[in-house]
Protein chains: 2
Amino acid sequence: MQFSKSTDYALHALIHLGHSERCNNVGIKELSGALGVSESYLSKIMSKLRQDGIVRAVPGVKGGYELARPADQITFLDVIQVIEGRQQLFECSNSSSRQHLLLAEEGAAQGDQERPGKNECLVEKVMNGAEQHLYQYLREHTVQSILNEAFKRCKHEANKK
Amino acid sequence: MQFSKSTDYALHALIHLGHSERCNNVGIKELSGALGVSESYLSKIMSKLRQDGIVRAVPGVKGGYELARPADQITFLDVIQVIEGRQQLFECSNSSSRQHLLLAEEGAAQGDQERPGKNECLVEKVMNGAEQHLYQYLREHTVQSILNEAFKRCKHEANKK
DNA sequence: CTTATTATGGATAACATAGGTCTACAATAA
DNA sequence: TTATTGTAGACCTATGTTATCCATAATAAG
Ligand code: SF4
Ligand code: SF4
C-alpha cells in the first residue's frame, strides 16, 4: 500500500511547471534535469497527465508543457488518480463465500428492495468511508497550495536576514 | 494503490473468529471453508496475524485460532498494517534532485536548527497528513464494530417479521 | 508415552505490476 | 523545409502478490 514513484514524479513535475509559468513552455529536458529522472520515463508520465487534461503539450521547436488549468484547480487527488488509476482502495474478492451471507445479505435480499442501496456490505462500508476521508483531504490540497507555502517560507527567510 | 486480497482475507477471518468466540478454537479448515480460500494460503496469513499478536494459535488435536485480545481492541488499522506492512503511503524517491532544494531546504539548512523538526518537506507534509487522516479513520473501526452492526441489522430484521 | 491432529516455515512457481529503455513517428514553430 | 520536440508502442527486468506443497514442530487426548 504505497503510492508509486510515478506519482511522486508527476507531482514534482507539476510543481515545477507551476513554479515557472512565466516562460510559457517547459521542455522535457528541463523537467528531467530538475527531477533527476530519465527523459524517456518522465515523458510517459507527462503523456498520461496530458491525456487526462492536467497539462497541455506542444511539440516542435520551443515546445514543451504547461499547466492546462490554474494551479489551484489541480488537486493532489487529480494527480494521484491519473497515475494510480481509479480503482477503489478495497474491492471485495470473495462475495460468493459463506462469510458474505452473514455480513451483507442478512436484511436485504428478502425484503424485496424496500430501501434500495441500503444493502451495502459492512466491510466495504468501512473501507469506502476510509477512502472518502482520504480523498477529501487530497482534494483540499492543490499544486498552488504547495507553491504558496514555499513562497511563504522563502519570504519568512528573507525577513529574518 | 489498493489493499491486497490478503488484507481482505485477514479481515474476514478475524470477523469469523470474533463471531464464534463461544467455542474456543477455530481450525484452519473451518476458516478456509467459510472464506472460500485454500487452507495453505490462509494459514500463511494467520501466521502473520499470530506473529503480530492479533490472534493466538494452538496446535494439536482440537487446536486452532482465537483472538488474542477483545474484538473491540482489534482495529482495521492493526490488521492492515500487519498484512500490508508499515511503510508510509508516500516515500520520497528523489531527495537529491534540484527540485528538492526549492521545496524542503529553503529555510531550514542555514538557520542552524532554530526549530528542530520544522524543516519538513512540503509534499511529504501533505501526504503524511493524508496518511494520518486515513489511519485515524481506520483506528476508529474495529472487528467488534462490524459485529455490532451485523447484530443490529439482524435484530431489525427479526422485528420486521 | 504414543499418536492423531493441527499449526509453522521454507521452497517454489505462475502471474501481474512497477519501473525503465529504446526507437520510429507525428506535429509544429522558426 | 527542417530542426526540434512530444507521442506511442514494443520491449525488458525486478519486485510483489497469490498460491501450492511438504517436512517439521507442537500438543491435547487416549
Ligand atoms: S461481506 Fe462484503 S467484503 Fe465480505 S465477501 Fe461480502 S461483499 Fe465482500
Ligand atoms: S521536496 Fe520533498 S518529496 Fe520532493 S524531493 Fe524533496 S523531500 Fe522528496
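Within every chain, numbering begins at 1; the chains are lettered A, B, ... in the order of the sequence lines, protein sequences first and strands thereafter.
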What integer distance in Å separates [X]:[atom1] from [N]:[atom2]?
{"X": "A:Y65", "N": "C:dT28", "atom1": "OH", "atom2": "P", "answer": "14 Å"}
{"X": "A:Q2", "N": "C:dT17", "atom1": "CD", "atom2": "P", "answer": "18 Å"}
{"X": "A:L49", "N": "D:dT7", "atom1": "CG", "atom2": "P", "answer": "10 Å"}
{"X": "B:I45", "N": "C:dG9", "atom1": "CD1", "atom2": "P", "answer": "15 Å"}
{"X": "A:K29", "N": "D:dA3", "atom1": "NZ", "atom2": "C1'", "answer": "11 Å"}
{"X": "A:L17", "N": "D:dG6", "atom1": "CG", "atom2": "P", "answer": "11 Å"}
{"X": "A:I54", "N": "D:dG6", "atom1": "CD1", "atom2": "P", "answer": "18 Å"}
{"X": "A:E39", "N": "D:dA8", "atom1": "CD", "atom2": "P", "answer": "17 Å"}

Need one value for A:F3: base, sugar-phosphate or nothing, where a base atom within 4.0 Å counts as base even if backbone is also close, heavy atoms only.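 Nothing: the residue A:F3, judged by heavy atoms under 4.0 Å, touches no strand.
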With a 4.0 Å cut-off on heavy atoms, is A:Q51 in touch with a base, just the backbone sugar-phosphate, or nothing at all?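 The answer is sugar-phosphate, as A:Q51 gets under 4.0 Å only of primed atoms, P, OP1 or OP2.
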On DNA chain C, compare the nucleotides closest to A:S38 and A:V61; which residue's is nearer the 5' end? A:S38
If you assign B:I28 and A:V58 each to the DNA chain C nucleotide with the nearest heavy atom, which residue ends up on the more 5' nucleotide?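 The residue whose closest nucleotide sits nearer the 5' end is B:I28.
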Side-chain N or O of [X] versus OP1/OP2 of [N]: is the shortest distance under 4.0 Å?
{"X": "A:Y9", "N": "C:dA18", "result": "no"}
{"X": "B:S4", "N": "D:dG16", "result": "no"}
{"X": "A:R50", "N": "D:dG6", "result": "no"}

Flag for [Y]-[X]: side-chain donor and acceptor within less than 3.5 Å:
{"X": "B:Q132", "Y": "B:Q136", "result": "no"}
{"X": "A:Y9", "Y": "A:S4", "result": "no"}
{"X": "A:S6", "Y": "A:Y41", "result": "yes"}

Could you go over nucleotides 9-13 of chain D and give all protein N or O partners under 3.5 Å, atom names and distances?
{"unit_1": "D:dA10", "atom_1": "N6", "unit_2": "A:K44", "atom_2": "NZ", "d": "2.9"}

Could you point out which residue of B:D72, B:D78, B:L14 forms a side chain to side chain contact (heavy atoms under 4.5 Å, CB included) with B:V143? B:L14
Ring centroid separation A:Y137 to A:H141 under 6.0 Å: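 So the answer is yes for these two rings.
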Counting only side-chain heavy atoms from C-beta out, which of C:dG19, C:dA7, D:dG6 sits nearest to A:S6? C:dG19
Look at the side chain of B:S47 and decide which nucleotide, out of C:dG20, D:dT18, C:dG9, has an atom nearest to it. C:dG9
By nearest heavy atom, map B:V37 and B:K62 onto DNA chain D; which one lands nearer the 5' end? B:V37
Between B:L147 and B:E21, is there a side-chain heavy-atom distance shorter than 4.5 Å?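 Counting from C-beta outward, B:E21 and B:L147 never come under 4.5 Å.
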Taking the side chain as C-beta and beyond, is there a heavy-atom pair between A:Y65 and A:R50 under 4.5 Å?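 No, their side chains stay 4.5 Å or more apart.
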Give the minimum heavy-atom separation between B:A10 and B:L49, together with the two atoms involved.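 Reported closest heavy-atom pair: CB-CD1, 4.1 Å.
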